[in-house]
Amino acid sequence: MNVRELASVDGKITPTQEAVLPLPDDGLYRGDGVFEVIRLYAGRPFALAEHLDRLERSAAAIALALDRDAIQHELAPLLEAHGDGDAQLRVLATRGGRRILLIEPLAPRAESVSVATVTYSPTVILNRVKSLSYAANMHATRLAKERGADEAVFVTPEGIVLEPPTSTIFWARPEGPLRTPSLENPILDSITRDRVIAGTEVEEGVFDVAELASCSEAFLASTTREVQPISAIDGRALEWPGPRTLEASAAFNDAIA
């Protein structure tokens with residue numbers, strides 16, 4: 001199904017290609033702003049309140065004024081114009097005071113994904129902030145692709161597993177439960193992660209990369225990926241989808257339903 005790409009800039013709805021952003025705006029100039037990406041299932045936003053809550057937390061963390069009421073007011077006519085198709089909704093708030101809402105088609109999703117670990121030192125001041133400053137995340141994916149993988153997984157210089165650039169990661173050994181980095185680590189408080197943890201047995205903690213390297217199965221989880229099996233880690237092939245991956249996928253589908 002083709003998705004009509006629509007944009008709302010401060011409440012003015014146009015086709016995305018016709019949208020205009022007034023300048024200057026430090027959201028563009030400096031990546032100074034926050035955002036969320038929300039799945040639309042049959043035109044309905046999934047976990048909207050939780051995404052807007054996180055948007056508010058991100059904005060507060062960088063002292064950015066956010067008018068949540070205006071965003072919600074402007075969202076209603078945009079969703080009505082979109083209709084009942086599956087898509088994704090991108091919500092941005094910039095330092096220039098702009099509110100930008102975008103209806104976007106879902107990117108094609110492969111049945112599985114290969115990953116490569118990339119050493120990364122988190123910017124502590126932006127821990128758990130979903131900011132527009134995503135250049136490091138996007139470059140990490142490019143580095144992983146240069147090594148023949150589809151996506152990166154951030155690992156600290158000390159060897160602690162964090163998260164991929166735009167998702168969260170889970171893994172398991174044959175004899176144990178799923179594992180995932182806890183929020184004690186400098187990672188995003190993922191809404192999809194929360195749904196998986198609520199529906200399956202998961203051990204959270206601070207884990208060395210050797211733990212990930214020796215797993216028997218693994219998957220990525222995010223708003224757009226949902227639950228996506230990992231087929232290889234740093235070139236080591238995995239059997240996929242594993243039994244715990246299938247359990248997690250079923251649990252997330254129940255949450256969607």
Side-chain angles (χ1 to χ4, degrees), residues 33-39 46-64 66 68 91 93 113 115 117-134 136-137 140-141 151-173 176-213 215 217-228 230 233 244-245 247-249 251-252 254-256:
V34 294
F35 80 102
E36 284 289 326
V37 176
I38 304 162
R39 276 292 293 262
F46 179 68
L48 176 63
E50 290 166 81
H51 279 283
L52 294 182
D53 287 347
R54 189 170 64 183
L55 188 72
E56 284 190 315
R57 293 195 300 272
S58 293
I62 62 170
L64 175 69
L66 182 75
R68 177 169 176 164
V91 181
V113 59
V115 301
T117 54
V118 173
T119 302
Y120 175 71
S121 295
T123 304
V124 176
I125 199 170
L126 290 180
N127 279 357
R128 284 181 274 283
V129 174
K130 201 168 174 69
S131 80
L132 296 179
S133 305
Y134 253 49
N137 300 56
T141 297
E151 185 55 285
V153 176
F154 288 137
V155 175
T156 70
E158 297 75 31
I160 301 302
V161 180
L162 298 179
E163 61 189 347
T166 61
S167 58
T168 190
I169 188 167
F170 293 79
W171 66 88
R173 293 178 176 176
L178 283 170
R179 286 187 165 182
T180 195
S182 70
L183 296 182
E184 298 171 38
N185 299 278
I187 64 173
L188 187 69
D189 187 359
S190 162
I191 292 166
T192 306
R193 173 186 180 278
D194 288 346
R195 291 297 195 278
V196 171
I197 290 173
T200 57
E201 182 185 3
V202 180
E203 179 181 346
E204 302 175 71
V206 178
F207 300 113
D208 189 89
V209 67
E211 165 82 24
L212 177 63
C215 72
E217 64 175 291
F219 61 87
L220 303 184
S222 74
T223 292
T224 55
R225 294 178 187 273
E226 298 177 326
V227 172
Q228 185 180 34
I230 292 176
I233 299 175
R244 290 169 184 78
T245 301
E247 290 173 9
S249 182
F252 187 68
D254 287 344
I256 295 168

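This one's a predicted model, so the numbers in the text were calculated from it and none came from an experiment.
- A 4.5 Å side-chain heavy-atom check between Ile125 and Ile62 finds every atom pair outside the cut-off.
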With a 3.5 Å cut-off and sequence neighbours excluded, list the donor-acceptor pairs that the side chains of residues 206-213 form with protein atoms.
from: Asp208; atom 1: OD2; to: Ala210; atom 2: N; distance (Å): 2.8
from: Glu211; atom 1: OE1; to: Arg179; atom 2: NH1; distance (Å): 2.8
from: Glu211; atom 1: OE2; to: Trp171; atom 2: NE1; distance (Å): 3.3
from: Glu211; atom 1: OE2; to: Arg179; atom 2: NH1; distance (Å): 2.9

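- The distance from the CD atom of Glu204 to the CD atom of Glu184 is 8.5 Å, given to the nearest 0.5 Å.
- The closest donor-acceptor contact from the side chain of Thr180 to the backbone of Ile169 lies under 3.5 Å.
- Contact of the His51 side chain with the Thr223 side chain is registered, since non-hydrogen atoms from C-beta on lie closer than 4.5 Å.
- Atom-to-atom distance recorded for Ser58:OG and Asp53:CG is 11.0 Å, nearest 0.5 angstrom.
- Ring orientation note: the planes of Phe154 and Tyr120 are close to parallel, at an angle under 30° on the 30°/60° scale.
- Considering only residues two or more places apart in sequence or on other chains, Thr119 meets the side-chain contact (heavy atoms from CB on, under 4.5 Å) condition with Pro157.
- Residues passing the side-chain hydrogen bond (donor to acceptor under 3.5 Å, both in side chains) test with Arg225, sequence neighbours excluded: Glu151, Gln228.
- Going from atom CG of Asp194 over to atom CG of Leu183 covers 7.0 Å, rounded to the nearest 0.5 Å.
- For the pair Phe219/Arg244, no side-chain contact is recorded, criterion being any heavy-atom separation below 4.5 Å from C-beta on.
- Using a 4.5 Å heavy-atom threshold, the side chains of Thr166 and Ser222 count as separate.
- Formation of a donor-acceptor pair under 3.5 Å by the Asn185 side chain with backbone atoms of Gly205 is found in this model.
- Looking at residues two or more places apart in sequence or on another chain, you find a side-chain contact (heavy atoms from CB on, under 4.5 Å) between Leu52 and Leu48, Leu55, Arg68, Ile71, Gln72.
- Leu188 meets the side-chain contact (heavy atoms from CB on, under 4.5 Å) test with Arg54, Lys130, Glu163; sequence neighbours excluded.
- Within a 6.0 Å radius of CD in Glu201, other residues, nucleotides and ligands contribute 12 heavy atoms or fewer.
- For the side-chain hydrogen bond (donor to acceptor under 3.5 Å, both in side chains) test, residues two or more places apart in sequence or in another chain that qualify with Thr117 are Asp234.
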